[in-house]
Amino acid sequence: MTNTNQINSQYDCADAGTDLHELKQQLSALQAEAGPHAPQATMDKIHQLKNQIEFIKNKCDIHP
């Protein structure tokens, strides 16, 4: 598994299944906790997780 805080252009797609699962779980939990008035730091983390998920999907050519 990759350190999902440091995903970059050298990402190893062999870890994609595990990493996507972990990132999606983190995103779901954070979205469940965050209400309509969530602090900016929480919204930033949600945005970061979404970006990481999309980066992995695009880099590893994963389509729904």
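- Separation of atoms CG (L30) and NE2 (H47) is listed at 13.5 Å; rounding is to 0.5 Å.
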For residues 33-41, dump all side-chain donor-acceptor pairs below 3.5 Å to protein atoms at least two apart in sequence or in another chain.
unit_1	atom_1	unit_2	atom_2	d
Q40	NE2	D44	OD1	2.7

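- A29 pairs by the side chain to side chain contact (heavy atoms under 4.5 Å, CB included) definition with nothing, not counting sequence neighbours.
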Could you pull out all donor-acceptor pairs under 3.5 Å where a side-chain atom in residues 57-64 meets a protein atom, sequence neighbours excluded?
unit_1	atom_1	unit_2	atom_2	d
N58	ND2	E54	O	3.3
K59	NZ	S9	O	3.1
D61	OD1	H63	NE2	2.7

TODO: Would you please test D15 and T18 for side chain to side chain contact (heavy atoms under 4.5 Å, CB included) and show each step?
DONE: CA-CA 6 Å; D15 295 329; T18 302; 5.6 Å; no
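- Here the CD-CD distance, from Q31 to Q26, works out to 12.0 Å after rounding to the nearest 0.5 Å.
- One finds the CG atom of D19 at 12.0 Å from the NZ atom of K24 (value rounded to the nearest 0.5 Å).
- Remark: Q25 pairs with H21 by the side chain to side chain contact (heavy atoms under 4.5 Å, CB included) rule, at least two apart or across chains.
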